Amino acid sequence: ELKVEQNPLFLSMQEGKNYTIYCNYSTTSDRLYWYRQDPGKSLESLFVLLSNGAVKQEGRLMASLDTKARLSTLHITAAVHDLSATYFCAVDLYNTDKLIFGTGTRLQVFP
Amino acid sequence: GAVVSQHPSRVICKSGTSVKIECRSLDFQATTMFWYRQFPKQSLMLMATSNEGSKATYEQGVEKDKFLINHASLTLSTLTVTSAHPEDSSFYICSARMIGARYNEQFFGPGTRLTVL
(Lines give C-alpha, C1' and ligand atoms only; values in the text may rest on other atoms or scores of the structure.)
Protein backbone atom coordinates (compact mmCIF):
# COMPACT_ATOMS: atom_id res chain seq x y z
CA GLU A 1 0.00 0.00 0.00
CA LEU A 2 1.34 3.40 -0.93
CA LYS A 3 2.02 5.65 2.02
CA VAL A 4 2.95 9.28 1.98
CA GLU A 5 3.95 10.50 5.39
CA GLN A 6 4.83 13.95 6.53
CA ASN A 7 6.82 14.90 9.54
CA PRO A 8 5.98 16.71 11.70
CA LEU A 9 2.20 16.69 11.64
CA PHE A 10 2.06 19.87 13.63
CA LEU A 11 4.68 22.59 13.89
CA SER A 12 4.57 25.65 16.06
CA MET A 13 7.47 27.96 15.42
CA GLN A 14 8.56 31.44 16.25
CA GLU A 15 8.86 34.15 13.65
CA GLY A 16 12.36 34.40 12.26
CA LYS A 17 13.24 30.76 12.82
CA ASN A 18 14.06 28.11 10.24
CA TYR A 19 12.56 24.67 9.96
CA THR A 20 12.13 21.76 7.56
CA ILE A 21 9.09 19.65 6.81
CA TYR A 22 9.76 16.14 5.54
CA CYS A 23 7.71 14.08 3.12
CA ASN A 24 8.49 10.37 2.81
CA TYR A 25 6.80 8.09 0.34
CA SER A 26 6.83 4.35 -0.13
CA THR A 27 6.71 3.82 -3.87
CA THR A 28 8.62 4.70 -7.01
CA SER A 29 7.86 8.19 -8.20
CA ASP A 30 9.88 10.99 -9.70
CA ARG A 31 7.28 13.70 -9.40
CA LEU A 32 6.18 15.42 -6.27
CA TYR A 33 4.03 18.44 -5.56
CA TRP A 34 3.73 20.75 -2.60
CA TYR A 35 0.48 22.54 -1.78
CA ARG A 36 -0.65 25.03 0.80
CA GLN A 37 -4.12 25.05 2.35
CA ASP A 38 -5.51 27.86 4.48
CA PRO A 39 -8.35 27.02 6.90
CA GLY A 40 -11.61 26.42 5.07
CA LYS A 41 -9.97 26.96 1.69
CA SER A 42 -8.80 24.80 -1.14
CA LEU A 43 -5.27 24.00 -2.22
CA GLU A 44 -2.76 26.41 -3.65
CA SER A 45 0.08 24.96 -5.68
CA LEU A 46 3.51 25.87 -4.31
CA PHE A 47 6.05 23.69 -6.10
CA VAL A 48 6.24 21.04 -8.78
CA LEU A 49 9.34 18.82 -8.53
CA LEU A 50 9.85 16.71 -11.61
CA SER A 51 13.12 14.89 -11.21
CA ASN A 52 15.69 13.61 -8.78
CA GLY A 53 17.70 16.46 -7.31
CA ALA A 54 15.14 19.12 -8.24
CA VAL A 55 15.24 22.18 -6.04
CA LYS A 56 12.83 25.09 -6.24
CA GLN A 57 12.59 28.25 -4.20
CA GLU A 58 9.93 30.88 -3.79
CA GLY A 59 10.34 33.52 -1.15
CA ARG A 60 10.96 31.92 2.23
CA LEU A 61 10.15 28.42 1.02
CA MET A 62 12.46 25.97 -0.70
CA ALA A 63 11.54 22.47 -1.81
CA SER A 64 13.77 19.61 -2.87
CA LEU A 65 13.33 16.07 -4.09
CA ASP A 66 15.50 12.98 -3.62
CA THR A 67 13.82 10.15 -5.53
CA LYS A 68 16.39 7.57 -4.46
CA ALA A 69 15.64 8.21 -0.80
CA ARG A 70 11.94 8.76 -1.62
CA LEU A 71 12.10 11.99 0.31
CA SER A 72 11.12 15.56 -0.30
CA THR A 73 11.75 18.49 2.00
CA LEU A 74 10.11 21.86 2.36
CA HIS A 75 12.44 24.27 4.10
CA ILE A 76 11.17 27.42 5.74
CA THR A 77 13.60 30.29 6.20
CA ALA A 78 12.96 33.10 8.68
CA ALA A 79 9.32 32.23 9.18
CA VAL A 80 6.64 34.93 9.20
CA HIS A 81 3.06 34.74 10.45
CA ASP A 82 1.67 34.71 6.89
CA LEU A 83 3.18 31.27 6.39
CA SER A 84 0.76 29.78 8.92
CA ALA A 85 -1.24 27.16 7.01
CA THR A 86 -1.37 23.43 6.37
CA TYR A 87 1.17 22.11 3.89
CA PHE A 88 0.64 18.95 1.88
CA CYS A 89 2.99 17.02 -0.31
CA ALA A 90 1.50 14.82 -3.02
CA VAL A 91 3.16 12.03 -4.95
CA ASP A 92 2.42 11.26 -8.56
CA LEU A 93 1.57 7.56 -8.53
CA TYR A 94 3.66 5.97 -11.26
CA ASN A 95 1.74 5.00 -14.41
CA THR A 96 -1.56 6.34 -13.17
CA ASP A 97 -3.47 9.58 -13.12
CA LYS A 98 -3.47 9.76 -9.38
CA LEU A 99 -1.94 12.03 -6.81
CA ILE A 100 -1.57 10.56 -3.36
CA PHE A 101 -1.52 13.17 -0.65
CA GLY A 102 0.58 13.20 2.44
CA THR A 103 -0.80 13.48 5.93
CA GLY A 104 -0.32 17.24 6.01
CA THR A 105 1.73 19.48 8.30
CA ARG A 106 -0.10 22.20 10.16
CA LEU A 107 2.24 25.14 10.64
CA GLN A 108 1.64 27.92 13.13
CA VAL A 109 4.04 30.82 13.26
CA PHE A 110 3.85 33.03 16.34
CA PRO A 111 5.57 36.33 17.17
CA GLY B 1 -4.80 31.20 -15.75
CA ALA B 2 -5.77 27.63 -14.75
CA VAL B 3 -8.81 28.52 -12.67
CA VAL B 4 -11.22 25.89 -11.41
CA SER B 5 -14.55 26.85 -9.91
CA GLN B 6 -16.98 24.87 -7.80
CA HIS B 7 -20.61 25.53 -7.10
CA PRO B 8 -22.04 25.74 -4.55
CA SER B 9 -19.36 26.68 -2.06
CA ARG B 10 -21.51 25.63 0.83
CA VAL B 11 -24.68 23.56 1.08
CA ILE B 12 -26.82 22.40 3.95
CA CYS B 13 -29.41 19.74 3.26
CA LYS B 14 -31.70 17.36 5.04
CA SER B 15 -30.92 13.69 5.38
CA GLY B 16 -32.24 11.70 2.42
CA THR B 17 -31.98 14.44 -0.16
CA SER B 18 -29.56 14.56 -3.08
CA VAL B 19 -27.02 17.28 -3.66
CA LYS B 20 -25.24 18.16 -6.90
CA ILE B 21 -21.84 19.84 -6.94
CA GLU B 22 -20.43 21.35 -10.13
CA CYS B 23 -16.77 21.64 -11.01
CA ARG B 24 -15.73 23.81 -13.95
CA SER B 25 -12.38 24.60 -15.51
CA LEU B 26 -12.83 28.24 -16.50
CA ASP B 27 -9.93 28.99 -18.79
CA PHE B 28 -8.68 25.62 -19.97
CA GLN B 29 -9.95 22.28 -21.15
CA ALA B 30 -9.47 19.34 -18.84
CA THR B 31 -8.95 15.78 -19.97
CA THR B 32 -9.40 14.52 -16.50
CA MET B 33 -11.09 15.78 -13.38
CA PHE B 34 -10.72 14.39 -9.90
CA TRP B 35 -12.97 14.42 -6.88
CA TYR B 36 -11.55 14.43 -3.37
CA ARG B 37 -13.05 14.36 0.06
CA GLN B 38 -11.49 15.96 3.11
CA PHE B 39 -12.59 15.51 6.71
CA PRO B 40 -11.65 18.17 9.27
CA LYS B 41 -7.92 18.32 9.94
CA GLN B 42 -7.27 15.37 7.67
CA SER B 43 -5.69 14.90 4.30
CA LEU B 44 -7.38 14.71 0.91
CA MET B 45 -8.72 11.33 -0.10
CA LEU B 46 -9.24 10.65 -3.78
CA MET B 47 -12.80 9.50 -4.42
CA ALA B 48 -12.87 9.12 -8.18
CA THR B 49 -11.29 10.07 -11.45
CA SER B 50 -13.47 11.19 -14.32
CA ASN B 51 -12.69 11.53 -17.99
CA GLU B 52 -14.92 13.39 -20.40
CA GLY B 53 -17.37 11.10 -22.12
CA SER B 54 -16.56 7.98 -20.13
CA LYS B 55 -17.51 6.42 -16.83
CA ALA B 56 -15.73 7.56 -13.74
CA THR B 57 -13.23 5.32 -12.01
CA TYR B 58 -13.93 5.06 -8.31
CA GLU B 59 -11.44 4.36 -5.57
CA GLN B 60 -11.83 1.31 -3.41
CA GLY B 61 -14.49 1.82 -0.77
CA VAL B 62 -16.29 4.64 -2.57
CA GLU B 63 -19.86 3.72 -3.46
CA LYS B 64 -20.48 4.57 -7.08
CA ASP B 65 -24.25 4.50 -6.63
CA LYS B 66 -24.01 7.01 -3.82
CA PHE B 67 -21.55 9.38 -5.44
CA LEU B 68 -22.62 9.82 -9.04
CA ILE B 69 -20.11 11.51 -11.27
CA ASN B 70 -20.86 12.91 -14.69
CA HIS B 71 -18.17 14.45 -16.87
CA ALA B 72 -20.32 16.00 -19.56
CA SER B 73 -17.74 18.17 -21.29
CA LEU B 74 -14.06 19.12 -21.25
CA THR B 75 -14.85 21.89 -18.78
CA LEU B 76 -17.53 20.45 -16.52
CA SER B 77 -17.80 17.57 -14.09
CA THR B 78 -20.56 17.06 -11.54
CA LEU B 79 -20.71 15.05 -8.34
CA THR B 80 -24.14 14.11 -7.02
CA VAL B 81 -24.37 12.83 -3.48
CA THR B 82 -27.54 10.75 -3.51
CA SER B 83 -29.67 10.19 -0.43
CA ALA B 84 -27.23 12.10 1.68
CA HIS B 85 -26.74 11.20 5.33
CA PRO B 86 -24.92 13.04 8.13
CA GLU B 87 -21.83 10.90 7.64
CA ASP B 88 -21.53 12.33 4.12
CA SER B 89 -20.90 15.76 5.61
CA SER B 90 -17.46 16.77 4.45
CA PHE B 91 -15.42 19.16 2.34
CA TYR B 92 -15.49 18.07 -1.30
CA ILE B 93 -12.77 19.36 -3.59
CA CYS B 94 -12.43 18.87 -7.32
CA SER B 95 -9.35 19.29 -9.42
CA ALA B 96 -8.63 19.31 -13.13
CA ARG B 97 -5.69 18.40 -15.31
CA MET B 98 -5.09 20.30 -18.54
CA ILE B 99 -5.29 18.69 -21.94
CA GLY B 100 -1.78 18.03 -23.14
CA ALA B 101 -0.22 18.35 -19.69
CA ARG B 102 3.13 16.59 -19.60
CA TYR B 103 2.77 15.71 -15.98
CA ASN B 104 0.02 15.32 -13.44
CA GLU B 105 -0.19 18.86 -12.12
CA GLN B 106 -3.74 19.38 -10.95
CA PHE B 107 -5.53 22.67 -10.40
CA PHE B 108 -7.93 22.67 -7.50
CA GLY B 109 -11.34 24.19 -7.07
CA PRO B 110 -12.24 26.19 -3.96
CA GLY B 111 -14.15 23.28 -2.42
CA THR B 112 -17.74 22.67 -1.37
CA ARG B 113 -18.64 22.24 2.25
CA LEU B 114 -21.57 19.85 2.58
CA THR B 115 -23.50 19.61 5.83
CA VAL B 116 -26.24 17.00 6.07
CA LEU B 117 -28.67 17.47 8.95
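Bear in mind the structure is a predicted one, so any value in this text is a computation, not a measurement. Letters A, B, ... mirror the listed sequences (proteins, then strands); counts begin at 1.
Looking at B:T112, B:I93, B:V4 one by one, the single match for side chain to side chain contact (heavy atoms under 4.5 Å, CB included) with A:S42 turns out to be B:I93.
We find that B:E105 and A:R31 are not joined by a salt bridge, their nearest charged nitrogen and carboxylate oxygen being 4.0 Å or further apart.
In this structure, B:Q42 and A:F88 approach most closely via the heavy-atom pair O-CZ, 3.9 Å. The minimum heavy-atom distance between A:F101 and B:L44, with the atom names listed, is CB-O, 3.9 Å.
A:Y35 and A:V4 sit in two unconnected hydrophobic clusters of ILVMFWY residues. Membership requires side-chain heavy atoms under 4.5 Å apart, directly or through other members. When hydrophobic clusters are built by joining Ile, Leu, Val, Met, Phe, Trp and Tyr residues whose side-chain heavy atoms come closer than 4.5 Å, directly or via intermediates, B:Y58 is not grouped with A:L93. No continuous path of hydrophobic side-chain contacts links A:Y87 to A:F10 [ILVMFWY only; heavy atoms under 4.5 Å]. Residues A:L83 and A:L74 share a single hydrophobic cluster, defined by chaining ILVMFWY side chains whose heavy atoms lie under 4.5 Å apart. Linking ILVMFWY residues whenever their side-chain heavy atoms come closer than 4.5 Å, directly or via other members, places B:Y92 and B:I69 in the same cluster.
Between atom CD1 of residue A:I100 and atom CG of residue B:L46 there is a gap of 6.5 Å, rounded to the nearest 0.5 Å. From A:E5, atom CD reaches atom OG of B:S43 across 12.0 Å, with rounding to the nearest 0.5 Å.
Interface residue B:Q38: only side-chain heavy atoms are found under 4.5 Å from chain A.
In this structure, A:Y33 contributes its side chain and B:Q106 its backbone to no donor-acceptor pair below 3.5 Å.
Contacts of residues 43-65 of chain A with chain B at a heavy-atom distance below 4.5 Å involve A:L43, A:S45, A:V48, A:L50, listed in sequence order.
Shown here is B:H85, whose NE2 atom has more than 12 heavy atoms of other residues, nucleotides or ligands within 6.0 Å. Summarising the local packing, NZ of A:K41 is surrounded by 12 or fewer heavy atoms from other residues, nucleotides or ligands at distances under 6.0 Å.
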